[in-house]
Every structure is written in structure tokens, then in C-alpha cells.
Amino acid sequence: MKSYKKELWFNTTKKIEFINITGKVQETINESGVKEGLILVNPMHITAAVYVNDAESGLIEDYEKWLEELAPYHGDYKHNLTGEDNAHAHLKRQLMAHQVVHAITNGKLDLGPWEQIYYAEFDGQRKKRVLVKIIGE
Ligand code: ZN
């Protein structure tokens with residue numbers, strides 16, 4: 001069995017950003033040489049998420065609106081009493097899921113027809129990374 005690890009780095013221009021990383025994840029599978037196995041994609045930060053859904057710009061705007069309604073930036077948060085201003089980002093990340101695991105078949109991400117892998121940043125404008133771990137053969 002092979003094992004392969006890579007970190008993908010991001011430094012978003014906006015505080016909140018949704019980035020389709022499906023291509024980068026597939027490139028990492030290509031580098032690994034794994035043909036049959038599993039891949040874990042994990043944002044190594046507690047104010048960012050990795051999730052799978054449609055690459056449709058209207059849906060991404062819907063997410064931003066929905067998340068701002070549920071966890072507004074200007075909320076009354078105990079976490080922000082620590083001097084941070086990112087309680088909303090922790091909550092938004094939790095709503096969008098944490099990490100994803102996917103199948104690799106024939107050297108390709110085995111995604112459904114509309115499934116795309118996204119990195120969702122909620123406290124950006126600084127260097128952050130995503131762990132990609134692949135096991136298989
Ligand atoms: Zn915080």
C-alpha cells in the first residue's frame with residue numbers, strides 16, 4: 001500500500017472565499033501514483049471548511065447569504081471576548097462541514113456528476129493550508 005501527503009496553501013484576497021480545489025486535488029492524486037484508494041482533504045484550520053457540492057455561482061452566493069444569516073459577523077459572541085473577531089468564522093465552518101473523504105478509482109477522483117470539492121475560507125487574508133492524504137495502491 002502506498003501513502004502520499006501534500007499540503008495545499010492558500011492566502012485569499014477576501015476574508016470569505018469559496019475556492020474550487022477539485023483540479024488541485026486530482027493533480028495530487030496524479031503525483032501520488034495511487035490508482036485505487038481513498039483521499040482525505042482536511043483544512044488544517046478551525047475557521048475554514050472543505051465540502052463537496054455544485055460549482056454553481058448562484059449556489060455559492062446562497063451559501064454566503066445563508067451563513068451570514070445564521071452566524072453574522074456582528075453577532076454577540078463570547079469567543080470574541082478573547083480579543084478575536086472570528087467567532088462567526090468558527091460557526092460558519094461548522095455549518096459547512098469539516099473535511100471530506102473520497103474514493104479514487106482508476107487514478108481519478110470518483111465523484112458524482114455534479115460533485116466538486118471546495119475550500120471555504122471564513123477568516124482569510126493570511127496563509128492557511130489544506131492537508132491532502134492519500135492511501136491506496
Ligand atoms: Zn477564534
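Indexing begins at 1, ligand by ligand and atom by atom, following the structure's order.
- Of all the N, O or S atoms in His79, the one closest to the Zn ion (ligand 1) is NE2.
- With rounding to the nearest 0.5 angstrom, the CG atom of Asn86 is 12.5 Å from the CZ atom of Phe122.
- The NE2 atom of His90 and the OD1 atom of Asn86 meet at the Zn ion (ligand 1) at an angle of about 100°, given to 10°.
- Ionic pairing of Lys2 and Glu137 is not present here: no N-O contact between side-chain nitrogen and carboxylate oxygen is shorter than 4.0 angstrom.
- Look at Asp123 and the Zn ion (ligand 1): no N/O/S atom of the residue is under 2.8 Å from the metal.
- A salt bridge links Glu68 with Lys92: at least one charged nitrogen is closer than 4.0 Å to a carboxylate oxygen.
- Side chains of His45 and Asp123: a donor-acceptor N/O pair is absent below 3.5 angstrom, by distance only.
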